[in-house]
Amino acid sequence: MEKIILNNYYKDFLVYYDKAKKVQSNCNLGGKPYIGSCGDDLIENVTIYDTVERKHAGFQNMLQDLWFGTQAPKYYKWNEERKKRNQTYNEQHKIWRRREWLWIFMFHRITGSGASFEEDHGYRNTVIPYLAELETCEKMEDWVRHNEMPMFTSIGNQIPMFPSKHLWEVLNKSGHSYKTPGKLWISECMTDLVDDTWSWIDGIRKEEERKVTIREIVDFMCEWNKERGMKRFHFQFTATAADLADYFPDVVDPMSHMYYGKNAKESMDMFATKIGNYKKDLYYDYVMEAAVKDTGGAPRDLEDVMCDYIRYVENYIPDSTQKTYEHLDRTKIWNSSSITNHPKGRQKWKLGTTEWIWS
């Protein structure tokens with residue numbers, strides 16, 4: 001029995017995917033000019049639309065450099081200072097074990113992934129280059145405990161506040177005075193979660209002889225927090241679990257479903273009609289499975305592409321503090337989407353009307 005009926009928005013998404021894939025290969029990774037690369041003015045002028053694999057997205061830059069060193073896919077783009085730093089990462093796998101790698105993945109996500117729409121996207125406020133000089137999780141957590149430099153991308157990306165003053169006092173077992181819950185959790189809790197996660201993964205591998213899924217990892221981490229009286233860090237743990245699938249596909253199923261964010265769900269809500277009576281989460285899985293079949297992509301990658309697509313169909317151009325896209329004429333730079341009557345965002349049909357939206 002049919003569970004969903006896919007529509008014109010979904011067909012448009014597939015066209016967008018093919019263009020973004022071409023630009024990822026030729027421009028983002030290949031170094032060719034963006035202008036003239038795919039016949040879509042928005043994609044060619046705004047680089048947030050140049051990726052179909054999350055491992056090549058800007059918020060992955062720091063992790064990619066660490067993991068690959070001078071073999072990083074975007075190494076050719078970096079200035080001499082960053083290339084020199086990448087050279088030091090060539091020995092990183094000899095220094096860190098898998099627990100240190102998971103610690104860094106989680107740290108990167110807890111602190112906001114260095115995300116921004118600025119020139120330093122993926123590196124915003126990151127202190128990982130300092131942590132890369134340390135050999136163990138314990139040394140890294142102690143460095144964070146005493147660090148006074150900015151290390152969070154934004155308030156919006158930080159973890160939720162702890163639910164009570166009492167719990168704050170219980171967790172602050174070191175006697176150190178913390179100004180933010182993020183520093184407290186990283187320094188006093190995160191290493192334990194890292195070790196418990198690897199122990200749990202090893203148990204599944206041994207007892208059931210299978211890879212774990214992204215959702216299983218997120219559930220384990222969220223429950224770990226809950227059992228200790230803390231809120232679930234669902235957003236950050238989902239990104240961490242997806243990182244494990246990127247870099248440890250031998251133990252984490254890289255094709256497993258993940259938990260889908262608000263923007264991806266907004267895209268999927270447009271893609272199809274739900275047929276029958278079943279839970280909405282299943283609807284999202286059915287749409288994702290169709291996209292996997294039609295693109296060959298993995299759910300963790302397609303989730304990110306769908307987040308980009310909702311911006312694409314709305315003709316979104318970021319307004320950044322560095323005025324990265326200030327030179328673009330917003331009356332002339334448009335997508336080439338087949339959807340010409342989308343009701344939200346910056347749209348051609350709104351030009352000259354009171355409904356005009358600039359960004």
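Being a predicted model, the structure only gives us computed values, none of them experimental.
Interatomic distance, CE of Met62 versus OG1 of Thr126, reported as 5.5 Å (0.5 Å rounding). Note that the CD1 atom of Ile159 and the CG atom of Leu184 stand 8.0 Å from one another [nearest 0.5 Å]. In this structure, the separation between CG on Leu244 and CE on Met106 is 7.5 Å, given to the nearest 0.5 Å. Here the OH-CG distance, from Tyr49 to Leu42, works out to 4.5 Å after rounding to the nearest 0.5 Å. Residue Ile186 holds its CD1 atom at 10.0 Å from OG1 of Thr191, rounded to the nearest 0.5 Å. A distance of 9.0 Å separates CZ in Arg85 from CG in Leu66, rounded to the nearest 0.5 Å.
Applying the salt bridge (Lys or Arg N to Asp or Glu O under 4.0 Å) rule to pairs touching residues 239-250 yields Arg54-Asp243, Arg54-Asp246, Arg109-Asp243, Asp246-Arg300, sequence neighbours excluded. Residue pairs meeting the ring-ring contact (aromatic ring centres under 6.0 Å, His included) criterion with at least one member in residues 21-46, sequence neighbours excluded, do not occur. Here salt bridge (Lys or Arg N to Asp or Glu O under 4.0 Å) pairs that include residues 87-97, with residues two or more places apart or in two chains, are Glu91-Lys94, Arg97-Glu100. Annotation: salt bridge (Lys or Arg N to Asp or Glu O under 4.0 Å) contacts involving residues 19-37, sequence neighbours excluded, comprise Lys19-Asp40.
Note: the hydrophobic cluster containing Val15 does not contain Tyr17 (ILVMFWY, side chain heavy atoms under 4.5 Å, direct or indirect links). Each of Ile35 and Val46 belongs to its own hydrophobic cluster when Ile, Leu, Val, Met, Phe, Trp and Tyr are linked at side-chain heavy-atom distances under 4.5 angstrom. The hydrophobic cluster containing Trp78 does not contain Ile128, counting ILVMFWY residues as joined when their side-chain heavy atoms lie under 4.5 angstrom apart, directly or transitively. No continuous path of hydrophobic side-chain contacts links Phe59 to Val127 [ILVMFWY only; heavy atoms under 4.5 Å].
By the 6.0 Å contact criterion, CD on Glu81 is open, its count of non-hydrogen atoms from other residues, nucleotides or ligands being 12 or less. When the shell of 6.0 Å around CD of Glu138 is examined, it contains more than 12 heavy atoms from other residues, nucleotides or ligands. More than 12 heavy atoms of other shown residues, nucleotides or ligands fall within 6.0 angstrom of atom NZ in Lys274. The number of heavy atoms from other shown groups lying within 6.0 Å of OH (Tyr278) is above 12. Within 6.0 Å of CD on Glu207 lie no more than 12 heavy atoms contributed by other residues, nucleotides or ligands.
Between Asp142 and Arg145 there is a salt bridge, with a side-chain nitrogen of the basic residue lying less than 4.0 Å from a carboxylate oxygen of the acidic one. Under a 4.0 Å N-O distance rule, the pair Asp202/Arg98 qualifies as a salt bridge. The pair Lys3-Glu289 does not meet the salt-bridge criterion, since no charged nitrogen lies less than 4.0 angstrom from a carboxylate oxygen.
For Tyr283, there are no ring pair (Phe, Tyr, Trp, His ring centres under 6.0 Å) partners, not counting sequence neighbours. Applying the side-chain hydrogen bond (donor to acceptor under 3.5 Å, both in side chains) criterion to Thr197, with sequence neighbours excluded, gives no partner residue. Listed by chain and residue number, nothing satisfies the side-chain hydrogen bond (donor to acceptor under 3.5 Å, both in side chains) test with Asp281 (two or more places apart in sequence, or in another chain). Remark: Glu216 pairs with Arg210, Thr213 by the side-chain hydrogen bond (donor to acceptor under 3.5 Å, both in side chains) rule, at least two apart or across chains. Residues meeting the side-chain hydrogen bond (donor to acceptor under 3.5 Å, both in side chains) test with Asp301, sequence neighbours left out: none. Partners of Lys11 by side-chain contact (heavy atoms from CB on, under 4.5 Å), not counting sequence neighbours, listed by chain and number: Asn8. Residues forming a side-chain contact (heavy atoms from CB on, under 4.5 Å) with Ser337 (at least two apart in sequence, or on another chain): Asp12, Tyr312, Val313, Asn335, Ile339. The side-chain contact (heavy atoms from CB on, under 4.5 Å) check on Ala72 picks up Asp65, Phe68, Tyr75, Asn86, with sequence neighbours excluded.
Remark: the backbone N or O of Thr180 is not paired with any side-chain donor or acceptor of Trp185 at under 3.5 angstrom. Using modelled atom types, no side-chain atom of Asn225 and backbone atom of Met230 make a donor-acceptor pair closer than 3.5 Å. Distance alone, capped at 3.5 Å, places no donor-acceptor pair between the Asn28 side chain and the Thr51 backbone. The main-chain N or O of Ile310 is never found under 3.5 Å from a side-chain atom of Lys344 such that the two would form a donor-acceptor pair. Side chain of Gln92 to backbone of Trp67: no donor-acceptor contact under 3.5 angstrom is found. Using a distance-only test at 3.5 Å, with no hydrogens or angles considered, no donor-acceptor pair links the side chain of Tyr260 to the main chain of Met268. The main-chain N or O of Asn341 is never found under 3.5 Å from a side-chain atom of Gln347 such that the two would form a donor-acceptor pair. Checked by atom type and distance alone, the side chain of Lys55 never pairs as donor or acceptor with a backbone atom of Gln64 at under 3.5 Å. The backbone N or O of Gly345 lies less than 3.5 Å from no partner atom in the side chain of Asn315, so there is not a single donor-acceptor pair. One N or O on the side chain of Lys74 and one on the backbone of His56 form a donor-acceptor pair closer than 3.5 Å.
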task = Report the C-alpha distance between Lys183 and Phe152 in whole Å, list the side-chain angles of each, state the deciding distance to 0.1 Å, and finish with yes or no for side chain to side chain contact (heavy atoms under 4.5 Å, CB included).
result = CA-CA 10 Å; Lys183 285 187 68 172; Phe152 291 96; 4.2 Å; yes
key: Stepwise side chain to side chain contact (heavy atoms under 4.5 Å, CB included) test for Asn45 and Ile317   = CA-CA 9 Å; Asn45 282 277; Ile317 298 176; over 6 Å; no
key: Step-by-step side chain to side chain contact (heavy atoms under 4.5 Å, CB included) determination, Lys348 to Thr340   = CA-CA 8 Å; Lys348 279 185 180 180; Thr340 58; over 6 Å; no
request  = With side chain to side chain donor-acceptor pair (under 3.5 Å) as the test, would you mind laying out the steps for Asp294 and Tyr10 before giving the verdict?
outcome  = CA-CA 10 Å; Asp294 289 333; Tyr10 179 74; 2.5 Å; yes
key: Chi angles and distances behind the side chain to side chain contact (heavy atoms under 4.5 Å, CB included) call for Gln236, Met221   = CA-CA 10 Å; Gln236 292 85 354; Met221 291 177 174; over 6 Å; no
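Between Trp101 and Phe105, the angle of the ring planes lies from 30° to 60°, which puts this pair in the tilted group. Between Phe13 and Tyr309, the ring planes are perpendicular. Angles over 60° get that label, and only those under 30° would be called parallel. Ring geometry for Phe248 versus Trp198: interplanar angle over 60°, hence perpendicular rather than tilted (30 to 60°).
Taking the ring axis of Tyr316 as reference, the NZ or CZ atom of Arg346 does not stay both within 45° of it and closer than 6.0 Å to the ring centre. Figure legend: cation-pi geometry between Arg228 and Trp224, with NZ or CZ positioned under 6.0 Å from the six-membered ring centre and within 45° of its axis.
Between His342 and Tyr9, the ring centre distance stays below 6.0 Å.
Of all heavy-atom pairs spanning Ser187 and Tyr178, the tightest one is CB-OH, 3.3 Å.
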